[in-house]
Amino acid sequence: MALTQLNNTYSKTQLHSSSQLSFLSRTLPRHHHCTLAPLRRTQHARISCSVAPNQVQVPAVQTQDPKNKPDCYGVFCLTYDLKAEEETKSWKKLITIAVSGAAGMISNHLLFKLASGEVFGPNQPVALKLLGSERSLQALEGVAMELEDSLFPLLREVIISIDPYEVFQDADWALLIGAKPRGPGVERAALLDINGQIFAEQGKALNAVASRNVKVIVVGNPCNTNALICLKNAPNIPAKNFHALTRLDENRAKCQLALKAGVFYDKVSNMTIWGNHSTTQVPDFLNARIDGLPVKEVIKDHKWLEEEFTEKVQKRGGVLIQKWGRSSAASTSVSIVDAIRSLITPTPEGDWFSTGVYTSGNPYGIAEDIVFSMPCRSKGDGDYELVKDVIFDDYLRQKLAKTEAELLAEKKCVAHLTGEGIAVCDLPGDTMLPGEM
């Protein structure tokens with residue numbers, strides 16, 4: 001099979017089909033731009049050359065002045081007329097998904113789930129726009145080649161770039177995964193500033209070129225504060241559309257409760273992660289249920305719930321790093337899929353899910369104007385509502401106050417990036433950041 005050759009000269013060619021899909025590669029100073037349109041091979045598909053039958057019987061490169069001919073490769077230099085297959089007539093309108101940090105380990109798991117139809121369904125064609133950096137661009141080309149070679153029928157377009165304004169153009173979903181990890185000797189405040197600048201720029205780009213109803217899921221840590229920075233720099237997009245990923249924490253909490261209760265984890269429901277995606281997060285066993293019963297009625301060891309269970313969930317990521325030598329990637333990609341599907345699938349009656357969202361107008365007494373993980377329900381339309389029928393006790397309120405205080409302190413550190421004045425940062429430098437969990 002012919003592979004796309006991406007080099008320092010960029011070209012523009014097209015593949016025409018019933019859905020007018022094309023391979024694009026154009027001359028831009030700082031990025032590669034390619035569109036992959038895999039053709040599904042069936043015995044009913046007919047491929048014919050766009051030139052007259054009496055001239056040639058096989059697909060041929062279009063002739064043109066060599067001086068003006070674009071630099072193209074193999075099949076992407078040809079123009080086809082592809083008869084529409086019956087299957088594609090039931091497909092939905094194409095959606096565009098932008099992914100930052102697209103050459104990283106999390107994306108390496110996630111992109112193939114998105115392209116296969118596992119996330120948005122078997123009748124939903126997708127366009128993937130992948131954002132990388134100058135350092136990762138060659139790896140990003142490799143990612144595009146693997147997507148091309150996988151022949152996903154639903155994957156109609158792939159663009160790779162280091163320009164967020166290019167990648168976020170008309171995006172319906174933006175999955176912001178890329179962030180700088182904390183290195184030796186780097187203070188928390190310094191890392192907050194470094195990553196904050198990245199997400200401020202991405203927020204501006206989303207505000208300028210993305211769909212006005214784009215749904216944004218921030219994964220790069222510290223994801224709560226990065227999501228706040230991003231939404232503050234995108235005033236034309238509803239603040240409600242921004243999420244910080246806490247679904248992995250919810251999944252971890254469900255697993256631990258299931259193990260303790262001796263049941264399979266699908267018996268655990270109504271699990272809430274409150275607050276920050278950090279070691280101050282609050283896995284809520286007070287409102288969670290096992291096989292329809294309150295957790296505290298099933299697990300009688302309440303000391304275990306308050307101490308060992310809570311700490312296990314809070315520090316699970318750190319233990320994984322000690323085992324693996326790196327942070328979680330596969331399970332994070334699964335939790336991103338879960339988070340998306342929770343927004344596009346109606347929430348089961350009586351259940352809810354966790355996601356970090358903007359707190360303004362929340363019914364829990366949580367401080368306004370931060371991004372805080374809370375329990376939500378969705379009708380499956382991409383939107384959500386906060387769950388009101390939850391209960392609190394003194395233990396839960398005490399834990400919520402701690403994670404709230406941490407988020408308010410982080411917010412002060414990035415005030416210069418949210419348009420709220422001069423940053424005043426008073427964070428302990430030796431405390432673990434979410435990305436180190």
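It should be emphasised that the depicted structure is a prediction, and the values quoted were computed from it without experimental measurement.
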Tell me, yes or no, whether the heavy-atom count around R135 atom CZ, taken from other residues, nucleotides or ligands under 6.0 Å, exceeds 12.
no
Given 3.5 Å as the limit, does a donor-acceptor pair link the side chain of R341 with the main chain of A339, or not?
no
Answer yes or no: is there a donor N or O on one side and an acceptor on the other, between the side chain of R377 and the main chain of D351, under 3.5 Å?
yes
Nearest atoms (heavy-atom pairs only) where A253 meets V313
CA-CG2, 3.7 Å
With no hydrogens and no angle check, is any side-chain donor or acceptor of S107 less than 3.5 Å from a backbone partner on G101?
yes
Can you confirm whether the side chains of E166 and S161 place a donor and an acceptor under 3.5 Å from each other?
no
Passes side-chain contact (heavy atoms from CB on, under 4.5 Å), S100 versus V167? Steps please.
CA-CA 9 Å; S100 75; V167 170; over 6 Å; no
State whether a side-chain donor-acceptor pair under 3.5 Å links S278 with E406.
yes
Quick check: does any side chain N or O of N226 sit under 3.5 Å from a backbone N or O of G220, one acting as donor and the other as acceptor?
yes
Got a donor-acceptor contact below 3.5 angstrom from the S211 side chain to the D172 backbone?
no
Any donor-acceptor pair under 3.5 Å linking the side chain of T279 with the backbone of K315?
no
What closest approach, in Å, do I106 and A329 show between heavy atoms, and which atom pair accounts for it?
CG1-CA, 3.8 Å
Are more than 12 heavy atoms from other residues, nucleotides or ligands located less than 6.0 Å from atom OH of Y364?
yes
If we only count heavy atoms from C-beta on, is the V218 to F199 side-chain gap below 4.5 Å?
yes
Could you walk me through whether V119 and L114 pass the side-chain contact (heavy atoms from CB on, under 4.5 Å) check?
CA-CA 6 Å; V119 183; L114 294 169; 3.8 Å; yes
Any side-chain donor paired with an acceptor under 3.5 Å for N207 and N233?
no
Please check this pair: side chain of S133 against backbone of S136, looking for a donor-acceptor N/O pair closer than 3.5 Å.
yes
T418 side chain to A415 backbone, donor-acceptor under 3.5 Å:
yes
Pair L206-C230, side-chain contact (heavy atoms from CB on, under 4.5 Å): steps then yes or no
CA-CA 9 Å; L206 286 165; C230 199; 3.9 Å; yes
Pair D383-K240, salt bridge (Lys or Arg N to Asp or Glu O under 4.0 Å): steps then yes or no
CA-CA 8 Å; D383 203 353; K240 193 177 183 181; 3.4 Å; yes
Under 3.5 Å donor-acceptor, N195 side chain and K180 backbone:
yes
Among I237, V371, V214, which residue meets the side-chain contact (heavy atoms from CB on, under 4.5 Å) test with F242?
I237
H277 and side-chain hydrogen bond (donor to acceptor under 3.5 Å, both in side chains): which partner among T246, N224, D249?
D249
Distance in Å, I344 CD1 paired with I95 CD1, rounded so as to fall on 0.5 Å steps
7.0 Å
Quick check against the 3.5 Å criterion: does Q314 have a side-chain atom that pairs as donor or acceptor with the backbone of Q281?
yes
Scanning both residues in full, the closest heavy-atom pair of L110 with L175 reads CD2-CD1, 3.9 Å
Can you find a side-chain donor-acceptor pair between W352 and T272 that sits under 3.5 Å?
yes
Within the supplied structure, the quantity of interest is the number of heavy atoms (other residues, nucleotides, ligands) at a distance under 6.0 Å from Q138 CD; does it exceed 12?
no
Go through it in stages, so that I can follow the logic: the residues are K232 and D369, the test is salt bridge (Lys or Arg N to Asp or Glu O under 4.0 Å), and I'd like the CA-CA distance, side-chain angles, deciding distance and then a yes or no.
CA-CA 10 Å; K232 288 291 186 178; D369 202 36; 2.7 Å; yes
So which heavy atom on L131 is nearest to which on P164, and how close?
CD1-N, 3.7 Å
Would you name the heavy atoms of L257 and M271 that are closest together and state the gap between them?
CD1-SD, 3.8 Å
What are the two closest heavy atoms between S360 and E368, and how far apart are they?
CA-OE1, 3.0 Å
Show your reasoning for whether side-chain contact (heavy atoms from CB on, under 4.5 Å) applies to L154 and F120.
CA-CA 10 Å; L154 292 168; F120 291 97; over 6 Å; no
